[in-house]
Amino acid sequence: MNSSKVFRTSSIGDILVVELAGVVSSLADDSISRELDAVREHFRHGSFHAIIVDLGQVAYFGSSMLEAIRAMWNDLDPKGGRLVLCNASEVAREILQIAKFDRVWPLVATLDDAIKSLQAG
C-alpha cells in the first residue's frame, strides 16, 4: 500500500498502524473510499487486534476522513479490539473534539504513546 495517496500501513506485532499521508482534504470521497476498502481488507485478513491511526502527516481533514476512522473502528469492535489516534495537529485535535471522537478513542501525542496505551490494556 505504499503507492497510496491517503493511507500508508505497517504493523507492529498485532497492531496495524494506519498513517494518513499528505493532504487529504483535497481528495475526493471516492479516493478515500477505495483506499479505505484496501486498508479494511488488509485488517480483516491479518491477525490484528488493534489499530493506531497516525495523523502526523496531515494538518486537518474533513468528514470523509472521520467516517473512514469510524469504519476502521467498526471492523475492530466485533473482535474486541482497540483504536488509538496519535500525532494530531492542533486543528486536527479540534476537529476530533468537535466530532466528540476524542471521547470514543484515546488521542495521544506520539506513536510511542499509542503503542504504550495499547500495551497497557
Side-chain angles (χ1 to χ4, degrees):
M1 295 203 54
N2 288 341
S3 64
S4 170
K5 292 181 182 177
V6 182
F7 305 105
R8 282 185 232 134
T9 60
S10 60
S11 61
I12 302 168
D14 65 351
I15 302 169
L16 179 64
V17 178
V18 179
E19 180 182 9
L20 301 189
V23 179
V24 297
S25 62
S26 64
L27 295 173
D29 290 349
D30 59 329
S31 294
I32 293 171
S33 181
R34 277 193 307 272
E35 289 194 29
L36 175 62
D37 288 345
V39 169
R40 294 176 75 192
E41 196 66 24
H42 183 66
F43 175 77
R44 288 183 195 124
H45 292 294
S47 57
F48 302 107
H49 294 94
I51 296 175
I52 295 172
V53 179
D54 187 337
L55 305 167
Q57 297 299 311
V58 295
Y60 62 92
F61 46 83
S63 59
S64 294
M65 192 54 62
L66 291 172
E67 177 60 25
I69 294 169
R70 188 202 55 78
M72 286 184 250
W73 181 63
N74 282 347
D75 289 339
L76 270 174
D77 195 41
K79 293 181 171 184
R82 296 179 53 212
L83 187 140
V84 177
L85 306 168
C86 70
N87 286 326
S89 69
E90 188 174 324
V91 173
R93 282 182 173 278
E94 288 178 19
I95 292 167
L96 293 165
Q97 290 166 348
I98 289 167
K100 304 208 184 318
F101 279 22
D102 62 322
R103 296 181 185 180
V104 180
W105 310 297
L107 176 56
V108 298
T110 68
L111 179 59
D112 285 342
D113 291 341
I115 294 167
K116 289 175 188 171
S117 171
L118 290 169
Q119 291 172 340

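Please read these numbers as outputs of a predicted model, since none were measured by experiment.
A continuous path of Ile, Leu, Val, Met, Phe, Trp and Tyr side chains, each step under 4.5 Å between heavy atoms, connects V104 with L83, placing both in one hydrophobic cluster. In this structure, M72 is not a member of the same hydrophobic cluster as V84, with clusters built from ILVMFWY side-chain heavy atoms closer than 4.5 Å. By the criterion of side-chain heavy atoms lying less than 4.5 angstrom apart, applied directly or through intervening Ile, Leu, Val, Met, Phe, Trp or Tyr residues, I15 is not grouped with L20; the two fall into different hydrophobic clusters.
For the pair L96 and L66, the minimum side-chain heavy-atom distance is below 4.5 Å. Inter-residue side-chain proximity for S117 and R82 is flagged as met; some heavy-atom pair is nearer than 4.5 Å. By the 4.5 Å heavy-atom criterion applied to side chains, D113 and C86 are not counted as neighbours. At a threshold of 4.5 Å between non-hydrogen side-chain atoms, the residues R93 and L55 do not count as touching. V53 is not listed as a side-chain neighbour of W105, based on a closest heavy-atom distance of 4.5 Å or more. With a 4.5 Å cut-off on side-chain heavy atoms, L107 and F101 do not count as touching. For the pair V18 and D54, the minimum side-chain heavy-atom distance is 4.5 Å or more. Side-chain contact between F7 and M65: present, with at least one pair of heavy atoms (C-beta onward) separated by less than 4.5 Å.
Taken to the nearest 0.5 Å, the CG atom of L118 stands 8.5 Å off from the CG atom of D14. Expressed to the nearest 0.5 Å, how far CZ of R34 lies from CG of L36 amounts to 12.0 Å. Separating the CG atom in D102 from the CD atom in E94 is a distance of 11.5 Å, to the nearest 0.5 Å. How far CZ of F61 is from CD1 of I95: 5.0 Å, rounded to the nearest 0.5 Å. For the atom pair I52 CD1 and S10 OG, the distance stands at 8.5 Å (nearest 0.5 Å).
For the side chain to side chain contact (heavy atoms under 4.5 Å, CB included) test with V17, the passing option among T9, I115, I51, L111 is L111; the others fail.
Smallest separation of non-hydrogen atoms from A88 and A92: CB-CB, 4.0 Å. Across V91 and A59, no two heavy atoms sit closer than the pair CB-O, 3.7 Å.
Atom CZ of R44 has more than 12 heavy atoms from other residues, nucleotides or ligands within 6.0 Å.
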message: Between Q57 and N87, does the side-chain contact (heavy atoms from CB on, under 4.5 Å) criterion hold? Intermediate values first, please.
response: CA-CA 8 Å; Q57 297 299 311; N87 286 326; over 6 Å; no

